[in-house]
K.L.:
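This is the structure, below, for whatever I ask next.
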Amino acid sequence: MRPSIKPLQAIPLLRDFSREDWRRFQELVDARTYRPGNALFYQGREPLGLHFIVSGRVKLIKEDHSGRCQIVRIAHGPDFLGDRAFFAERAYACTGEVMEESEIGFLSSDRFWKFFGRNPNLNRLLAQRFAVELGRAEDYMHCLSACTINTRMAARLLKSLQAPGLDLTPKGEFVLAESRTELAQVLGTTPEAVSRALSAFCVKNVIAVSGRRVRVLNEDRLRLSACLHEPVS
């Protein structure tokens, strides 16, 4: 059965669709379910269209010339993905790999331009998105040079604690979605440094950790320890 793409209506690019536009868009998008580890696209390959994350998470992995990999971003649905390469008509700078069972839509290049080419708001919406992404990239680069691994870890833990749709049972507990290796790639460090940072917060009774399960014991102290470059509500 074809997955519903209704959550995509929350994306600014699609939010103001008329009923007829939405009906047509649904007809054009090829939606399917992806399993963890499935690749949506590969670094160095040319984009053939635009991907839409209906639900789930996708990690963007960049590999350098020595074969080292870093997760530069984790994208959540609803959102679209691979847009910079698509609109710039350049090869993907990263590989997009599904992290959990996800519903993904795909709109081929010819269908996209045939459908969106007549939308006068497209350029404005894309310019806004690229400006926001540029600001995030600048913050991330500054954070890597100016913030310690402990402050970056604190921000990541707060973000995980406040993830939308998270069912906290009991309150203040969550399961880390990333492995130690993935966390290291996200934070620009090593798995050993990630373990040391978690242990440091445990020793101070800020958190308690069992495997991937984290219980926040003192959210105020965790917030005071967090860097400001990864916003938390």
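The basis for the numbers below is simple: all heavy atoms, side chains too, and nothing from hydrogens, waters or symmetry mates. All of these numbers come straight from a predicted model, not from anything done at the bench.
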K.L.:
Can you list everything that forms a side-chain hydrogen bond (donor to acceptor under 3.5 Å, both in side chains) with E97? Sequence neighbours excluded, please.
P.N.:
none
K.L.:
Taking side-chain contact (heavy atoms from CB on, under 4.5 Å) as the test, write out the residues that go with I11, two or more places apart.
P.N.:
L8, L13, L14, F52, P78, F80
K.L.:
Output all residues satisfying side-chain hydrogen bond (donor to acceptor under 3.5 Å, both in side chains) with D220, sequence neighbours left out; order by chain, then residue number.
P.N.:
none
K.L.:
Do P36 and M99 have side-chain heavy atoms sitting under 4.5 Å apart?
P.N.:
no
K.L.:
Please tell me if the side chains of L198 and S195 come closer than 4.5 Å, counting only heavy atoms from C-beta onward.
P.N.:
no
K.L.:
Please identify which of these residues, R212, Q185, R156, K59, meets the side chain to side chain donor-acceptor pair (under 3.5 Å) condition with E178.
P.N.:
R156
K.L.:
I want to check something: taking the side chain as every heavy atom from C-beta on, are V54 and K6 in contact at a cut-off of under 4.5 Å?
P.N.:
no
K.L.:
At their closest point, which heavy atom of G49 faces which heavy atom of F86, and how far apart are they?
P.N.:
O-CD1, 3.4 Å
K.L.:
Quick one: list whatever passes ring-ring contact (aromatic ring centres under 6.0 Å, His included) with F106, sequence neighbours left out.
P.N.:
H51
K.L.:
As a quick check of understanding, evaluate side-chain contact (heavy atoms from CB on, under 4.5 Å) for V214 and L176, giving each step before the final call.
P.N.:
CA-CA 7 Å; V214 177; L176 282 169; 3.9 Å; yes
K.L.:
Among all residues two or more places apart in sequence or in another chain, which pass the side-chain contact (heavy atoms from CB on, under 4.5 Å) test with T95?
P.N.:
Y42, Q43
K.L.:
Sequence neighbours excluded, which residues qualify as side-chain contact (heavy atoms from CB on, under 4.5 Å) partners of E192?
P.N.:
T190, R196
K.L.:
Any cation-pi pair here, R45 with F41, using under 6.0 Å and within 45°?
P.N.:
no
